[in-house]
Amino acid sequence: MTLEELEENEDDFSEEDERAIELYRQQRMAQWQASQIKNKFGEVVEISGQDYVQEVTKAGKDLWVILHLYKQGIPLCTLINQHLAALARKFKDIKFLKAISTTCIPNYPDKNLPTIFAYLDGEIRAQFIGPLVFGGMNLTQDELEWKLAEAGALKTELEENPRKQIQDQLMSSIRTTISSKRDSDSDDD
């Protein structure tokens, strides 16, 4: 029924109908409130060293916090910030933060950038340090999502590691080249 039809027929409802409608309304309200709690983030927030304790250590129970330490002018840091912004919109129940490395950790070496820490209940659960861990500038959003999922920080719908496919294709082409080279070597005998 439309809202107008409900209002017209309001007098025709029995007490049982009204209880059912009220129960349904309460269930929908509870679902809405749960979704509001679950979807309370949705963006990457910049923090400083002073914010760290409040935003990470005291973030809340059963709450994953992803912190990206970066520095302006490092292309891979910029790429990861872009990927994290997209992941924050996708996983709104996870708190995504970023901080210029030296504001959180004085004298943090640039060679360790980018760095991502994953926290649960204020305790570090995973860390990804340095450009090699991320595979360089070819890092895709799916690959970063997979890394965070492997750490337990998020539940992905990806069914397999997107990076693994690339490695498998590379290794199989190397194997094919080696085996065909051996075959041609034996033909020369």
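- In this structure, Gln26 places its CD atom where more than 12 heavy-atom neighbours from other residues, nucleotides or ligands lie under 6.0 Å away.
- Here Phe41 contributes atom CZ and Lys92 contributes atom NZ; the two are 12.5 Å apart, rounded to the nearest 0.5 Å.
- In this structure, Lys111 contributes its side chain and Gly130 its backbone to no donor-acceptor pair below 3.5 Å.
- Residues Leu132 and Leu79 do not share a hydrophobic cluster, clusters being chains of Ile/Leu/Val/Met/Phe/Trp/Tyr side chains in contact below 4.5 Å.
- Linking ILVMFWY side-chain heavy atoms closer than 4.5 Å, directly or via other members, places Ile105 and Val65 in a single hydrophobic cluster.
- Val44 has its side chain out of reach of Leu97: every pair of non-hydrogen atoms, C-beta onward, lies at least 4.5 Å apart.
- The shortest non-hydrogen separation linking Pro106 to Cys104 is CD-O, 3.8 Å.
- Hydrophobic clustering, with ILVMFWY side chains joined whenever heavy atoms are under 4.5 angstrom apart, keeps Ile80 apart from Trp146.
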- Item | Tyr108 and Thr115: CA distance, side-chain angles, deciding distance, side chain to side chain donor-acceptor pair (under 3.5 Å) verdict | CA-CA 10 Å; Tyr108 194 74; Thr115 297; 2.8 Å; yes
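- Note: Gln82 CD to Cys77 SG = 11.5 Å, rounded to the nearest 0.5 Å.
- Using a 4.0 Å cut-off between charged side-chain N and carboxylate O, Arg19 and Glu22 make no salt bridge.
- Note that CZ of Arg89 and CG of Leu84 are 11.0 Å apart. Values are rounded to the nearest 0.5 Å.
- Remark: side-chain polar atoms of Lys147 are paired, donor with acceptor, to backbone N or O of Val133 under 3.5 angstrom.
- The shortest heavy-atom contact between Gly136 and Leu76 is O-CD1, 3.3 Å.
- Closest approach of Asp51 and Ile47 over heavy atoms only: OD2-CA, 3.6 Å.
- With rounding to the nearest 0.5 angstrom, the CD1 atom of Ile66 is 6.5 Å from the CG atom of Leu154.
- Tyr70 and Glu46 form a side-chain donor-acceptor contact under 3.5 Å, judged by distance and modelled atom types alone.
- Atom NZ of Lys90 has more than 12 neighbouring heavy atoms from other residues, nucleotides or ligands inside a 6.0 Å radius.
- Going from atom OG of Ser101 over to atom CG of Asn112 covers 9.0 Å, rounded to the nearest 0.5 Å.
- Side chain of His83 to main chain of Leu139: a donor-acceptor pair is present (N/O by atom type, distance under 3.5 Å, no hydrogens or angles).
- Hydrophobic clustering (ILVMFWY, side-chain heavy atoms < 4.5 Å, transitive): Ile129 and Tyr52 are in one cluster.
- Using a 4.5 Å heavy-atom cutoff, the side chains of Phe96 and Leu67 are not in contact.
- Taking every heavy atom of both residues into account, Ala151 and Phe128 meet most closely at CB-CZ, 4.2 Å.
- One finds a salt bridge joining Glu55 and Lys95 here, because a Lys/Arg side-chain nitrogen approaches an Asp/Glu carboxylate oxygen to under 4.0 Å.
- For the pair Val45 and Lys98, the minimum side-chain heavy-atom distance is 4.5 Å or more.
- Inter-residue side-chain proximity for Asp62 and Asp121 is flagged as met; some heavy-atom pair is nearer than 4.5 Å.
- Looking at heavy atoms from C-beta onward, Glu123 lies out of side-chain contact with Tyr119 at the 4.5 angstrom threshold.
- Of the possible polar contacts, one joining the Glu143 side chain to the Thr140 backbone as a donor-acceptor pair under 3.5 Å is found.
- For the pair Arg125/Trp64, a side-chain contact is recorded, criterion being any heavy-atom separation below 4.5 Å from C-beta on.
- Hydrophobic clustering (side-chain heavy atoms under 4.5 Å, transitive across Ile, Leu, Val, Met, Phe, Trp, Tyr) keeps Phe91 apart from Leu158.
- Rounded to the nearest 0.5 angstrom, Leu69 CG and Asp110 CG are separated by 11.5 Å.
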